[in-house]
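Here the structure comes first, spelled out in structure tokens, and everything after it is commentary.
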Amino acid sequence: MQPAEVDRDSGDPSARWGGRPPFQGLPPAVRLWLPVVLSFLVQVPATLVILWRFAPAETPAVATAAVAAAAAGPLALIAARRFPGPVASVVTVAAVADLLLAPLFGPPYLAFAFAVALGIVRGARVWVYASVAVGWVAAITIGSLLDIDWHPVRIALATAGIALLLALAERVRQRRERFREARRTATERRLTVEQAERMRIARELHDVLAHSLSQINVQAGVGLHLMDSQPERARESLVNIKSASKTALDEVRGVLAFLRADAADAAALAPQPDLSRIPGLLGSVRAQGLEIGYTSSIHTPPTAGVQLALYRIVQESLTNVLRHAHARSADVRLDDEAGSIRLTISDDGRGRTEPSANPAGSGILGMGERAELLGGTLIAANGKDGGFVVTATFPVTT
């Protein structure tokens, strides 16, 4: 079984991004410290230069407060991974302070952009929107009280910039959420496929081993019983055990070959059973003392999958007859009806005499699953005249 290839043309975000959302390829330390270092380098040195060149008359207290406000935001980003909401509030306060302490011009407060984006992306949207709204109102109100003359165009541009920043952050958040959903869906799909494959393998091994081990068990019991009185019959039982074990090993090798190689190689190494092998199967069961009648009206064989399912259903049904029915004879019929193939296996045994906690049993459940996978149906119930009857119907595809 070959690994699935990534479909980069599909709508799956994980496929477009190679299995990871944007920026997730960076090491965690880089994702933590890059916003801190960038915003610190943009804000603090520029603030020092502006104070030195353009505002030398500022008092030391004001200059110190301006530098502290410029440095507070980048340093607060160190805690943004664990506390994105509170960090957004702290950085917003520092940005407002920086704006009020440098009313004419100053470096862009890059830490504010990082805090807003990280807060929204990491799920602290209420904190971010509340902090931005309060900070915007506080800046306008306090600026008016301090008689700071901000041009209306500057206010409009700042407001538009904040709105654009919020929109971009929301877009990144939505993309991350789509990626998480795509990854969750892909994981569920993979688990479903793996579960279906495990069920298929279990079904194949059950059908192979249950039939062969039942034959070996019956023949071993016959051999032990006749070892002293009829050694030739005991020898015949040993020959049947050898044949049944060889058949089981061949079929198990076929299942393992299919798992280890692609379908074409597996088919070449170990062809799957088809309708032509049913007579041999019936012969191995007759050797255990069960009389079996067989009739088939099929002239055109169905697909390989349907033939395998028919063979396995016959195999499992006859195994159940040997193990549970206490029957003397059984009958297998294959009928080619209009648009479908009907398989009927009946016996003259005791049928199902008591209700069970698991009335279908794993074998009958497996037969039903085989039929359903190919669009067919399977009915297993006591016969009208006694015994037990299994009827499977498969559509004929052309």
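These figures come from a predicted structure and were not determined experimentally.
Of the charged side-chain nitrogens involved, none lies within less than 4.0 Å of a carboxylate oxygen, so that Glu181 and Arg178 do not count as a salt-bridged pair. Using a 4.0 Å cut-off between charged side-chain N and carboxylate O, Glu170 and Arg173 make a salt bridge.
Shortest non-hydrogen contact noted between Ala76 and Val91 is CB-CG2, 3.9 Å. Across every non-hydrogen atom of Pro273 and Tyr311, the tightest pair is CB-CD2, 3.4 Å. Minimum interatomic distance between Val128 and Val116 (heavy atoms only, all atoms of both residues): CG1-CG1, 3.8 Å. Residues Ile313 and Ala392 approach most closely at CD1-CB, 3.9 Å, considering heavy atoms. The minimum heavy-atom distance linking Ala325 with Asp347 is given by the pair CB-OD1, 3.9 Å. The two residues Leu374 and Gly305 come nearest to each other via the heavy atoms CD1-O, 3.5 Å.
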Item to check | Leu282 and Val314: CA distance, side-chain angles, deciding distance, side-chain contact (heavy atoms from CB on, under 4.5 Å) verdict | outcome: CA-CA 9 Å; Leu282 301 183; Val314 172; 4.3 Å; yes
Checklist entry - Under the side-chain contact (heavy atoms from CB on, under 4.5 Å) criterion, do Ile78 and Trp33 qualify, and how do the steps go? => result CA-CA 7 Å; Ile78 297 174; Trp33 289 102; 3.9 Å; yes
Checklist entry - Where do Leu343 and Val332 land on the side-chain contact (heavy atoms from CB on, under 4.5 Å) test, with the steps shown first? => result CA-CA 7 Å; Leu343 168 65; Val332 178; 4.0 Å; yes
Next on the checklist: Please evaluate residues Leu318 and Leu322 with respect to the criterion side-chain contact (heavy atoms from CB on, under 4.5 Å), reporting the C-alpha separation (whole Å), side-chain torsions for both, the decisive distance (0.1 Å), and the verdict.
Outcome noted: CA-CA 6 Å; Leu318 294 180; Leu322 290 173; 5.7 Å; no
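Between the side chain of Arg328 and the backbone N or O of Glu291 there is no donor-acceptor pair closer than 3.5 Å. Put simply, the side chain of Gln43 gets close to the backbone of Ala111: a donor and an acceptor are under 3.5 Å apart. Between the side chain of Gln307 and the backbone N or O of Pro302, at least one donor-acceptor pair lies under 3.5 Å. Although no hydrogens or angles enter the test, the distance criterion places a donor-acceptor pair under 3.5 Å between the side chain of Asp348 and the main chain of Ser329. The backbone N or O of Ser276 sits less than 3.5 Å from a side-chain atom of Asp274, completing a donor-acceptor pair. Formation of a donor-acceptor pair under 3.5 Å by the Arg122 side chain with backbone atoms of Arg82 is not found in this model. In this structure a side-chain-to-backbone donor-acceptor pair under 3.5 Å is present from Ser284 to Leu281.
Cluster membership check: Leu373 does not share its hydrophobic cluster with Phe394, using side-chain heavy-atom separations under 4.5 Å among Ile, Leu, Val, Met, Phe, Trp and Tyr. Linking Ile, Leu, Val, Met, Phe, Trp and Tyr residues whenever their side-chain heavy atoms come within less than 4.5 Å places Leu99 and Ile148 in a single cluster. Under the 4.5 Å side-chain heavy-atom criterion for Ile, Leu, Val, Met, Phe, Trp and Tyr, Leu290 and Val390 are members of the same hydrophobic cluster. Both Leu100 and Val137 are assigned to one and the same hydrophobic cluster, defined by single-linkage of ILVMFWY side chains at heavy-atom distances under 4.5 Å. Under the 4.5 Å side-chain contact rule for hydrophobic residues, Leu308 and Leu334 do not share a cluster.
Checking Gln315 against Arg312 by side-chain atom types alone, a donor-acceptor pair falls below 3.5 Å. At a cut-off of 3.5 Å, with distance as the only test, no side-chain donor of Ser297 or Asp336 sits close to an acceptor on the other residue.
Atom CD of Glu372 sits about 9.0 Å away from atom OG1 of Thr377, to the nearest 0.5 Å. If you take CZ on Phe40 and CG on Leu75, they are separated by 6.0 Å, rounding to the nearest 0.5 Å. Atom CG in Leu365 sits 10.5 Å away from atom CD in Glu316 (nearest 0.5 Å). How far CG of Asp335 is from OG1 of Thr295: 6.5 Å, rounded to the nearest 0.5 Å. Between atom OG1 of residue Thr187 and atom CZ of residue Arg180 there is a gap of 13.5 Å, rounded to the nearest 0.5 Å. If you take CG on Leu310 and CZ on Arg370, they are separated by 10.5 Å, rounding to the nearest 0.5 Å.
In this structure, Tyr129 and Ile120 have side chains that are in contact, with non-hydrogen atoms separated by less than 4.5 Å. Contact check for Phe112 versus Asp98: no side-chain heavy atoms found under the 4.5 Å cut-off. Put simply, the side chain of Asp331 does not reach to within 4.5 Å of the side chain of Tyr294, judged on heavy atoms. Between Phe388 and Asn320, every side-chain heavy-atom pair lies at or beyond the 4.5 Å cut-off.
A 6.0 Å sphere centred on CZ of Arg286 holds more than 12 heavy atoms belonging to other residues, nucleotides or ligands.
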